[in-house]
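The structure appears right after this line, and notes come after that.
Throughout, numbering of the chain's residues begins at 1 and tracks the sequence.
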Amino acid sequence: MIEQIRTHDAGAATDITDAAAVTLSPDLSGLDLAAVEAAVRRAAADEIMPRFRQLAAEDIVEKNGPHDLVTVADRRAEEQLTAALTELLPGSRVVGEEAVHADPTVLDALHGEAPVWIVDPVDGTRQFVHGDPGFATLVALAHRGEVLASWTYAPALGLLAVARRGAGAELNGVPLHTGSPAPDAVLDVATSHYDFTDDDQKRVLATLDTAGIAPRPCGSAGLEYLYIARGDLDAIAFSWENAWDHAAGLLLVQEAGGTSGTVAGRPFRIEGGNALPFTAARDAETARRILGLLAAAN
């Protein structure tokens with residue numbers, strides 16, 4: 001059966017369905033999406049924005065190298081979201097970027113039967129550290145590998161995008177539509193940043209540096225998905241698969257009318273094990289073009 005997730009703004013229950021007719025756990029019935037949004041906003045207000053452009057040196061730590069940073073804001077926001085989200089949905093689990101860094105077995109929840117919150121407390125930590133407002137808090141709710149709802153919140157930019165499976169996507173309450181690139185337009189494509197790619201990944205992504213495509217290194221992955229969803233960016237081509245970077249954005253693009261896929265011709269799986277790189281794009285034709293170039297280089 002299809003359970004319902006209710007929202008305050010709709011005034012009634014809203015069915016979360018898609019063509020696959022995903023069967024949801026009864027534990028999801030009655031989840032208040034407005035309360036989730038409030039929790040996301042509160043974590044940013046309490047733990048992230050007071051530290052924006054106010055970080056001390058001791059507030060910043062390297063994880064796996066000079067470009068992979070974590071701050072006290074990341075950790076505390078994830079802790080607050082973990083407590084709030086599991087209270088809203090008893091029995092749910094949380095897969096957060098910082099929790100996985102501390103204990104990789106946390107990822108096992110993506111393969112379990114319990115609903116899972118996928119959390120990136122500060123997506124674009126490097127931007128956050130350097131005082132750039134292009135960062136976001138990403139939250140997605142998934143069950144049995146299907147992303148059911150997502151929240152992309154850029155507090156320094158005043159942007160909040162929400163997507164619900166089968167019910168569309170909105171940015172600050174206004175419906176989002178990807179549209180399609182104009183015929184013969186040069187495609188704007190964000191790719192994995194060169195600071196985070198190895199030589200083979202750089203070689204494959206370099207195939208996009210061709211006539212009719214204008215590639216550039218990505219910033220916050222969550223915001224790049226938002227730019228696709230509102231038609232400002234034509235596609236992404238990413239060579240990593242961390243669920244917290246992609247789950248929210250992939251649903252956002254899908255519900256705004258876009259599409260995604262991997263070089264193997266299969267959907268991207270949030271549980272991992274994907275053929276890489278993969279793309280998300282404003283429309284199917286753009287996705288086919290990007291994937292064709294990437295697959296030819298593999």
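Using a 4.5 Å heavy-atom threshold, the side chains of Val119 and Glu97 count as separate. The closest side-chain heavy-atom distance from Leu159 to Leu226 is below 4.5 Å. For the pair Phe238 and Thr191, the minimum side-chain heavy-atom distance is 4.5 Å or more. Looking at Trp151 and Thr137, their side chains never come closer than 4.5 Å, going by heavy atoms from C-beta outward. Within the 4.5 Å cutoff, no side-chain heavy atoms of Gln254 are placed close to those of Pro267. The closest side-chain heavy-atom distance from His143 to Val116 is not below 4.5 Å. A 4.5 Å side-chain heavy-atom check between Leu141 and Pro115 finds at least one atom pair inside the cut-off. When side chains are defined from C-beta on, Leu276 does not count as touching Trp240, because their heavy atoms never get closer than 4.5 Å.
Taking the ring-ring contact (aromatic ring centres under 6.0 Å, His included) definition, one finds that Tyr153 meets it with nothing, sequence neighbours left out. Qualifying salt bridge (Lys or Arg N to Asp or Glu O under 4.0 Å) partners for Arg93, counting only residues two or more places apart in sequence or in other chains: none. With sequence neighbours excluded, the residues that form a side-chain contact (heavy atoms from CB on, under 4.5 Å) with His193 are Arg126, Asp195, Phe196, Pro217. Listed by chain and residue number, Arg51 satisfy the salt bridge (Lys or Arg N to Asp or Glu O under 4.0 Å) test with Glu47 (two or more places apart in sequence, or in another chain). Scanning for ring-ring contact (aromatic ring centres under 6.0 Å, His included) contacts around Tyr227 gives an empty result, with sequence neighbours left out. Under the rule for a salt bridge (Lys or Arg N to Asp or Glu O under 4.0 Å), the partners of Glu37 that lie at least two apart in sequence or sit in another chain are Arg41. Residues meeting the side-chain contact (heavy atoms from CB on, under 4.5 Å) test with Thr125, sequence neighbours left out: Leu69, Thr71, Asp74, Val122, Val129. Remark: Arg42 engages no residue in a salt bridge (Lys or Arg N to Asp or Glu O under 4.0 Å) (not counting sequence neighbours).
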Q: Evaluate salt bridge (charged side-chain N to carboxylate O under 4.0 Å, His left out) for Arg269 paired with Glu146, printing each intermediate quantity in order.
A: CA-CA 9 Å; Arg269 297 176 299 181; Glu146 295 285 345; over 6 Å; no
Q: Starting from the C-alpha separation in whole Å, work towards a yes-or-no answer on side-chain contact (heavy atoms from CB on, under 4.5 Å) for Leu250 and Phe278.
A: CA-CA 11 Å; Leu250 285 169; Phe278 72 98; 4.3 Å; yes
Q: Determine, step by step, whether Gln80 and Asp46 satisfy the side-chain hydrogen bond (donor to acceptor under 3.5 Å, both in side chains) criterion, reporting the C-alpha distance in whole Å, the side-chain angles of both residues, the deciding distance to 0.1 Å, and the verdict.
A: CA-CA 9 Å; Gln80 180 168 324; Asp46 290 350; 3.1 Å; yes
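Among residue pairs with one or both ends in residues 285-295, those qualifying as side-chain hydrogen bond (donor to acceptor under 3.5 Å, both in side chains) are Asp283-Thr286, Glu285-Arg288; sequence neighbours excluded. The stretch residues 32-52 participates, sequence neighbours left out, in these ring-ring contact (aromatic ring centres under 6.0 Å, His included) pairs: Phe52-Phe128, Phe52-Phe135.
Taking a 4.5 Å side-chain heavy-atom cut-off between Ile, Leu, Val, Met, Phe, Trp and Tyr, the cluster of Tyr194 contains only that residue. Grouping Ile, Leu, Val, Met, Phe, Trp and Tyr residues whose side-chain heavy atoms lie under 4.5 Å apart, directly or via other members, places Leu294 in a hydrophobic cluster with Leu187, Val189, Val204, Leu205, Leu208, Ile213, Val263, Ile290, Leu291, Leu293.
Across all non-hydrogen atoms, the minimal contact from Thr197 to Gln201 is CA-OE1, 3.2 Å. Between Gly222 and Thr152, the shortest heavy-atom distance links the atoms O-CG2, 3.9 Å. Contact detail for Ala235 and Ala281: the closest heavy-atom pair is CB-CB, 3.9 Å. The shortest non-hydrogen separation linking Gly168 to Glu255 is N-OE1, 2.9 Å. The minimum heavy-atom distance between Tyr225 and Asp245, with the atom names listed, is CE1-O, 3.7 Å. In terms of heavy-atom proximity, Leu110 sits nearest to Ala243 at CD1-CB, 4.0 Å.
Of the residues listed (Leu223, Leu233, Asp234), the one engaging Ile228 in a side-chain contact (heavy atoms from CB on, under 4.5 Å) is Leu233, and it is the only one.
With rounding to the nearest 0.5 Å, the separation of CZ in Arg164 from CG in Leu252 is 12.5 Å.
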